[in-house]
Structures are given as C-alpha cells and as structure tokens.
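Chain letters run A, B, ... following the sequence lines, proteins first, then strands; residues in each count from 1.
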Amino acid sequence: MTTQEMIKPENLVYSRTRVLTDNVMHYCPGCSHGTVHKLIAEVIDEMNIQDKTIGVSPVGCGVFAYNYIDIDWLEAAHGRAPALATAAKRLNPDRYVFTYQGDGDLASIGTAEIMHACNRGENIVVIFINNAIYGMTGGQMAPTTLVGQVTATTPYGRNVEINGYPLKITELIAQLPGTCYVTRQTVYNPLTVRKAKRAIRKAFENSMLKKGASFVEVVGTCSSGWKLTPVEANQWMIDNMFPEYPLGDMKDI
Amino acid sequence: MGKTEYKLLKGNEVIAIAAIRCGCDGYFGYPITPQSEVMETLMELKPWETTGMVVLQAESEVASINMLYGGAATGKKVFTSSSSPGISLMAEGLTYLAGAELPCLIVNVVRGGPGLGTIQPAQSDYFQATKGGGHGDYRLIVLAPASVQEMNDFVDLGFELAFKYRNPVMILSDGMIGQMMEKVRLSPEKPRWTDAEIEERYGSWTVKGKPSTRERHIATSLELDSAKQEKFNLKLVAKYAEIAKNETRYEKIMCDDAEYLIVAYGSSARISQKTVELAREKGIKLGLLRPVTLYPYPTKAIRDLLPQLKCVLAVEMSTGQMIEDVRLAVNGKVPAEHYGRVGGMIPSPEEVLNAVENLIERNKK
C-alpha cells in the first residue's frame, strides 16, 4: 500500500476541530496556550455545544483567545472575568460559560473576583493557565513565580523578603465549598494532553449539573519569558514547577 | 390596561420597583450609604420568583460593574446602583462598557466627597459623570432626576436609551432625592424581553452562543491596530453627536420674560424652583433652566435665552463643576457665576435668592 492509497477519508484518525478558526495564533513557539485552546475547542466540538457556549477571555497573552476559538466571547478587564461569567451564567443558565485566565489575571489582580465567584458556587468553568510569569507585558514576576526565579521585575531572583511567596491559589480554591471540581493538569506530552482534555470535558459537563464551580489549572510553559528553548522549558517545568505545583485532582465531588 | 397605581415611596425604593416593573433582567450591587434601599427593596420583593429577574449582592463595586458587562453583553437589561466612592471603583468597568458599546444602567445616589467624604447629599460627581470618570474618550448618557417620580420614570427611559444607542446610561441622583419620600405614579408592568425580541428591536449583536449560521460575536474594547482604533473612536464621536441631537432634555420654568437665569439640576433645581417663586414675589424676573440630561448638555437652550438675560447663576451642591458647561454655553456674553453649598450642606431657597440678588447687584455697575 502506498502513502497515496492510505490518504482516504475512511482512514482518517485525526483532524483539526472545526471549532478552531483559521487565524494564525500569536503565541510563541513552545507556549502552552495553543494546546489548551485546541483542547477547549475539541471539547466544545465533541459535546456539540458551540451554539451554547460563552467564553470570557482575560487580559494577558490569552486576551486574543477570541480570535482562535470559534464561539461567542466576552473580553474582560484584567482579572474580572469571573464577575462577567457570573452574570452571563446566572442570566443564561442554559449556556456553558467559561473563563480563560492566566496567573496574573486570576491570582493577582483578580483574586477577589475568582475567590468570590467560586465561593458563591457559580456554575461556571475556570481554565487557569499558570506559567509563573507575565508573558504579554514582557516577563515580569507573577504571583506564582517560584522563589529564586529570575524575571524582568525580579532580576536577581524572587526574594521572599521582598516579594513574598508563590501563591498556591488552586489549593485555596479547593477549600471553597462552592467548588465541585478542582484539578491541576499540564500539557507537555501526549499523555498529559489527554488527561487535561478529560479534565476540561468534566468541568464543562459539571457546569450543567448545578454542582458549583469547576476549576482546571494547567501548569504551562513560557519559553520566551523563561528565556529557554521550548524543549528546555518543558524540562524546567518538570524539574521546578511540578514540585511547587503538584499535578492531580484536589477535589472531585 | 391596568389601573394607575400611586404609592408613597423613597427615591431609592422606587428605583427597585421601577426596574422590576419595566422588565429588568438583573441587578448587581454592593451596599453603600445613602442608596442601600435599592438592593434591600429588591431582595424583599424577590423578583426572581415573579418576573425571573436576577438580584445578586456582589463582593465589591468592581465586581458589580463587571457583572453588568457580562449580563449586558448577553443582551439583558441589567443595572447597578451605588454612591460616589462606589462609582469611583466602577470607573474601570464604565470605560470598558462604553468601549465595548454595551447597554446598561448605573444609578449614582451622590454623597459628598472627596474620599469617604460624607453620607449626606451632594452634587460633586458632575465631572465624573459627564466628562468620563474612567480613562479614554467616552461619554455616558446622564439623566438627572429632580423628583421621586423622575427616579421612577428614568429607569425605563434609561434602559430605552441604553439599548437604542448601545451605551451605558447613568442616573445621577443624590442623597436627597434618594432618601426623600413623594407620591409616585408607578409605571405599567412590562414583561422581560425574550432573546428574539431583543434581536428584532436592536439587531444581532448579543453574545449568546454562536449558531453555525453567523460569525462569532465578541464583546470587547480592544483594538491594537491604531488606524482601526481611531476609526472606532470617531464612530463613538458620531454616536455621541447623534445622542446630542436627539436626546437633549431640559425644563424651562418662568423663562419667557426672565432677565436673570438660574441653571440647576436635581435637588438644586427643586430648591431653585422655590427661589424663582420668591424672586417673582419681589418683582425680580428670575427664571430656571433645569438640565434633565447632563450629557448631552442643553447648551443651545441656554444660548437661545442669552439675548434676554443680564446674568446667569449656576446652582449646584459642589464647589463649581456644572458652571464650566454653563460658561461654555454663555461664552462670555453675560456674567455667569456659581453658587453652591458643599460637604452635605443643602442650600435654602432664601439663601439661593440672596446669591441671585448679590449677583444682580454686582453686575449693575
């Protein structure tokens, strides 16, 4: 059998989901955002909920998520996505509403909004990308930046006496009675990508069960911000991020 | 047609009742004096059991205004209420709402500032309401009620204007109008709009979930391409010009033969109305022009009166904010001055008359 003979519709095992647009992503090589976008789009496609889904994009690298996932979107002010999602979901309870937020957006400027939305038990999905740095503004310290990690605003490494400690916000969120599912995932190889997709799907399904908020953290890489090649960034994440941010479910009710 | 209902109500209470009756979909707010009765009344009336309206106490004013963004973008009639310090916290959300061209209603029951200031009435948020408040080139449509009846009427009117122009509308009230009780003719009850009705009336723009038959809808204020952003800014300018052309509202009291004019809105207009009566008893030909919309401002209405006027007094419970717009209208043709009490102090009609007489006296020479 030749290659040409193999290329037939009945032999197709994978294709790009139709819920992704044709726009070229602005993300840097090695960035995790593109992978997570694709997973969200696949879940929406597989659940057949494109016409029932409202996304809320953040301020940060994910701001243009609305250019890539082919659904209706709200673009929020920095950190406020959970407040937008709260109203969108309460006023449209038959819609799937999710926020897509980075670590600066969710764990720094938007701490109040995420804690209270989760604590009220809003039936929303939160996708939280933690790459321990501010990507869009050029690599400054994030609340989740590791101790000793060099960033544009911690050029000598994060010093706890000056900057305090990495904020384990997902652990805090898991304590809130308004959440039903809190998990930490990653997407650096096929196995973790598949696991992350299962988590995102479960979160979307939960949002129609009136069980409260579902929160999926994805520990990701920022090779540009970390000043590493994509391959080095993956290894740095495994060696440094996972000990501080261990993977797995924290809560699943 | 049901029978007309009258009730004795506080300004703040009637805001809540008018919202339910006009088919509002959601309220999101945070308690602050002197307007907490708005949310308290809503919670007591439990509209979620009757009309299905959502009422939610948010964690902050920052969250409430962003909840308005989330609700407005899905095409729902949503509103919030607060008082001056809370409105400052909402300034961020206001500029995003204006930038994303989303319809919503904000009620500011103004108290004295700056800072925590006082919980007593003031009109010191005029600049904030009419000149922006948040960053960037934008305008709110600002309605200034001078009675509890207008607190009622401007809720429905506010939503109508907000959806017509896809722009946030502010009711700029104050602690006096919010707290005082008057007889009110309640508005007729209207059902909440369905999604189909909104689309029929205002077109297809809401963020509700994308069917395969159309492109995705995005509620955003972001545009990194300068040329496109400039085009958008100019589109807003054209919209504001259209609003000014169609929606400028004002009331003239005893202006036909007036030689002297008070310009005042809200509480100050109520007080000045009495001043006009007192002046007329003394033979002073005083009139009152009451701006009902503060943005757009009734500049032309003031300008048209100038040929008959000797001087103009702007009365406002501030250190002098609206006087700047009065002076722009007057454009140096006649003397225009400000009179006001501040810090929660309310001027008496006699005190305002005294200010008018002093102004007349000074300009005799």
Query - Region of B:Ser212 in contact with chain A, defined by heavy-atom distances below 4.5 Å - result: neither
Report task. Might you confirm whether atom CG of B:Asp195 has over 12 heavy atoms from other residues, nucleotides or ligands at distances under 6.0 Å? Result -> yes
**Report entry** Engaged part of A:Tyr96 at the chain B interface, taking heavy atoms whose separation is under 4.5 Å
**Finding:** neither
Report task. Please look at A:Ile44 and chain B and tell me whether the side chain, the backbone, both or neither of the residue comes under 4.5 angstrom of a heavy atom of that chain. Result -> neither
Query - Engaged part of A:Leu91 at the chain B interface, taking heavy atoms whose separation is under 4.5 Å - result: both
Requested in this report: Could you tell me whether the side chain of A:Thr86 reaches within less than 4.5 Å of the side chain of B:Glu59, counting heavy atoms only?
Outcome: no
Requested in this report: Give, as side chain, backbone, both or neither, the part of B:Leu224 having an atom under 4.5 angstrom from any heavy atom of chain A.
Outcome: side chain
Report task. First locate atom CG of A:Leu74, then atom CD1 of B:Ile218, and finally report the distance between them rounded to the nearest 0.5 Å. Result -> 10.5 Å
Query raised in the report: Under a 4.5 Å heavy-atom cut-off, does chain B meet the side chain of A:Thr53, its backbone, both or neither?
Result: backbone
Query raised in the report: Are any non-hydrogen side-chain atoms of B:Arg216 and A:Asn67 less than 4.5 angstrom apart?
Result: yes
Query raised in the report: More than 12 foreign heavy atoms under 6.0 Å from NZ of B:Lys46: is that the case here?
Result: no
Query raised in the report: Where on A:Ser57 is there a heavy atom nearer than 4.5 Å to chain B: the side chain, the backbone, both, or neither?
Result: neither
Report task. Determine yes or no for a side-chain-to-main-chain donor-acceptor pair under 3.5 angstrom, with A:Arg95 supplying the side chain and B:Lys208 the backbone. Result -> yes
**Report entry** Residues A:Arg90, B:Leu56; criterion side chain to side chain contact (heavy atoms under 4.5 Å, CB included); working and verdict
**Finding:** CA-CA 10 Å; A:Arg90 287 206 181 211; B:Leu56 180 62; 3.5 Å; yes
**Report entry** Contact summary for A:Ala87 and B:Gly70, nearest pair of heavy atoms
**Finding:** CB-C, 4.2 Å
Report summary line: Nearest heavy-atom approach of A:Ala83 to B:Ala63 is CB-O, 3.7 Å
Requested in this report: Return yes when atom CZ of B:Phe127 has more than 12 non-hydrogen atoms of other residues, nucleotides or ligands closer than 6.0 Å, and no otherwise.
Outcome: yes
Requested in this report: Heavy atoms only, distances under 4.5 angstrom: which of A:Glu113, A:Met115, A:Arg80 has the most pairs with chain B? Name it, please.
Outcome: A:Arg80
Query raised in the report: Which pair of non-hydrogen atoms, one from A:Leu84 and one from B:Tyr69, has the smallest distance, and what is that distance?
Result: CD2-CD2, 3.4 Å
Query raised in the report: Counting only heavy atoms not in A:Leu12, do more than 12 fall under 6.0 Å of its CG?
Result: yes
**Report entry** Carboxylate-amine/guanidinium contact A:Asp72 B:Arg214, below 4.0 Å
**Finding:** yes
Query raised in the report: Does atom CD of B:Glu197 have more than 12 heavy-atom neighbours from other groups under 6.0 Å away?
Result: yes
Report summary line: If one checks every heavy atom of A:Val63 against chain B at 4.5 Å, the contacting part turns out to be side chain
Report task. Could you grab the distance from atom CD of A:Glu75 to atom OG1 of B:Thr220, nearest 0.5 Å is fine? Result -> 4.5 Å
Report summary line: Of all heavy-atom pairs linking A:Ala88 and B:Thr74, the shortest is CB-CG2, 4.1 Å
Query - Minimum side-chain heavy-atom gap B:Leu222-A:Tyr66 below 4.5 Å - result: yes
**Report entry** Heavy atoms of other groups near B:Tyr30 OH, more than 12 under 6.0 Å
**Finding:** no
Requested in this report: Give a yes or no on whether B:Glu200 atom CD has more than 12 heavy-atom contacts from other residues, nucleotides or ligands under 6.0 Å away.
Outcome: no
Report task. Look at A:Gln50, A:His78, A:Lys52, A:Arg18 and state which one has the largest set of heavy-atom pairs under 4.5 Å with chain B. Result -> A:Gln50
Query - Test salt bridge (charged side-chain N to carboxylate O under 4.0 Å, His left out) applied to A:Asp70 and B:Lys210, step by step - result: CA-CA 8 Å; A:Asp70 192 20; B:Lys210 177 197 171 302; 3.7 Å; yes
